[in-house]
Amino acid sequence: MSLAVKAVGIRKSFGSHEVLKGLDLEVAYGEVLCILGPSGSGKSTFLRCINHLETPNSGYVWVDGAIMGYELNRGALQELPIKRLRAQQSHLGIVFQHFNLFAHRTVLGNVIEGPMVVRGLRRAEAEARAMDLLEQVGMAGKALSYPSQLSGGQKQRVAIARSLAMEPRVMLFDEPTSALDPELVGEVLEVMRNLARGGTTMIVVTHEIGFAREVADRVVVMIDGEIRETGAPGQVLSNPDDPRVRTFLSRVLA
Ligand SMILES: Nc1ncnc2c1ncn2[C@@H]1O[C@H](COP(=O)(O)OP(=O)(O)OP(=O)(O)O)[C@@H](O)[C@H]1O
């Protein structure tokens, strides 16, 4: 099995608060993994450690076979200079709860920015590809609108297209629907469902149990900075072994 992501022994503390207590995770290419867990269990921090937005205190992450944040130099690991870390991070798309679109750019301008600035694509090529992606997320008709003219669900769909424009090996989603009005959640989940069907490798931190049940290949439940349960959604969501996972799920499914 070829691995898109492998994390080994990830620990992270903020001051004296140990938020991640030695996490291991493997994600295969094409796999959709959902991370569930109570608020404060460290899900977002783990996701941010995977793409080195947060540097773990110990442990390593490999993405596409390359170790994140480091290079081997004469047999020793050395921290990557920031420019090369940024290039490495561009292999991971990340979609946040808040959309972080550039307010002064159109939808199309938002999607072509990364490919032109970071990947050096010519405008015509970047625009053609951006329009395909906007079509894919149902936003081609709004290409010339500004973010302020869009609903939350539309903004999030543009944010997804913008991430995809960098042709990442893996897409990370950090509670992408939590900031949306309930009636807008479905359209974003539908885009994510289509990506999953198309074979995109995805790690999704979510409170949407229904999405995890339907779309995930595997579900991980984190409690207090540890992975307490991992397995197929049917097994984890209906019949978890760990008593604390059972309590958590009985609350969210109530
Ligand atoms: N930059 C930071 N500085 C200090 N503490 C932090 C920082 N980031 C996260 N934490 C703390 O780490 C813990 C885990 O936070 P995290 O956001 O990873 O949890 P979560 O499971 O994603 O929660 P939620 O579902 O509410 O988003 C929390 O106690 C949080 O306050």
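Along the sequence shown, residues carry numbers from 1. For ligands, and for the atoms within them, numbers begin at 1 and follow the listed sequence. These values consider heavy atoms only, across backbone and side chains, with no hydrogens, waters or symmetry-generated copies.
- In this structure, P115 and R129 have side chains that are not in contact, with every pair of non-hydrogen atoms separated by 4.5 Å or more.
- The closest protein non-hydrogen atom to atom 21 (O) of ligand 1 is K43 NZ, 2.8 Å.
- Residue-to-ligand polar distances keep V19 apart from ligand 1: every N/O pair is separated by 3.5 Å or more.
- Under the 4.5 Å side-chain criterion, counting only non-hydrogen atoms from C-beta, E79 is in contact with Y70.
- No continuous path of ILVMFWY side-chain contacts below 4.5 Å connects L172 to V204, so the two sit in separate hydrophobic clusters.
- Cluster membership for L33 and F96, using ILVMFWY side-chain heavy atoms within less than 4.5 angstrom, is shared.
- In the vicinity of S41, heavy-atom distances shorter than 4.0 Å reach the ligand 1 atoms 19 (O), 21 (O).
- Residue F173 is not grouped with residue I94 when hydrophobic side chains (ILVMFWY) are merged at heavy-atom distances under 4.5 angstrom, including chains of intermediate members.
- Residue contact annotation: Q97 has no non-hydrogen atom under 4.0 Å from ligand 1.
- Looking at every heavy atom in both residues, V95 comes nearest to M171 through CG2-CE, 3.9 Å.
- For atom 24 (P) of ligand 1, the closest heavy atom belonging to the protein is E175 OE2, 3.5 Å.
- When all heavy atoms of G59 and I10 are compared, the pair lying nearest together is C-CD1, 3.8 Å.
- Summary of contacts: the protein heavy atom closest to atom 17 (O) of ligand 1 is S44 CB, 3.7 Å.
- Of the protein's non-hydrogen atoms, the one nearest atom 9 (C) of ligand 1 is F14 CE1, 3.5 Å.
- Those atoms of ligand 1 with a heavy atom of H207 less than 4.0 angstrom away are 25 (O).
- The closest protein non-hydrogen atom to atom 29 (O) of ligand 1 is H17 CE1, 3.3 Å.
- Using a 4.0 Å cutoff on heavy atoms, G40 counts as a contact of ligand 1.
- Both the backbone and the side chain of T45 come within 4.0 Å of ligand 1, counting heavy atoms alone.
- Under the 3.5 Å distance criterion, the side-chain polar atoms of R157 are matched with a main-chain donor or acceptor of V137.
- Formation of a donor-acceptor pair under 3.5 Å by the K43 side chain with backbone atoms of M222 is not found in this model.
- Of the protein's heavy atoms, G42 N, 3.3 Å lies nearest to atom 19 (O) of ligand 1.
- With a 4.0 Å cut-off on non-hydrogen atoms, M222 does not touch ligand 1 at all.
- Atoms of ligand 1 found under 4.0 Å from any heavy atom of P38 (numbered from 1 in listed order, with element): 21 (O).
- For atom 31 (O) of ligand 1, the nearest protein heavy atom is 4.0 Å or more away.
- A continuous path of hydrophobic side-chain contacts links V191 to L164 [ILVMFWY only; heavy atoms under 4.5 Å].
- Nearest non-hydrogen protein atom to atom 26 (O) of ligand 1 is S39 OG, 2.5 Å.
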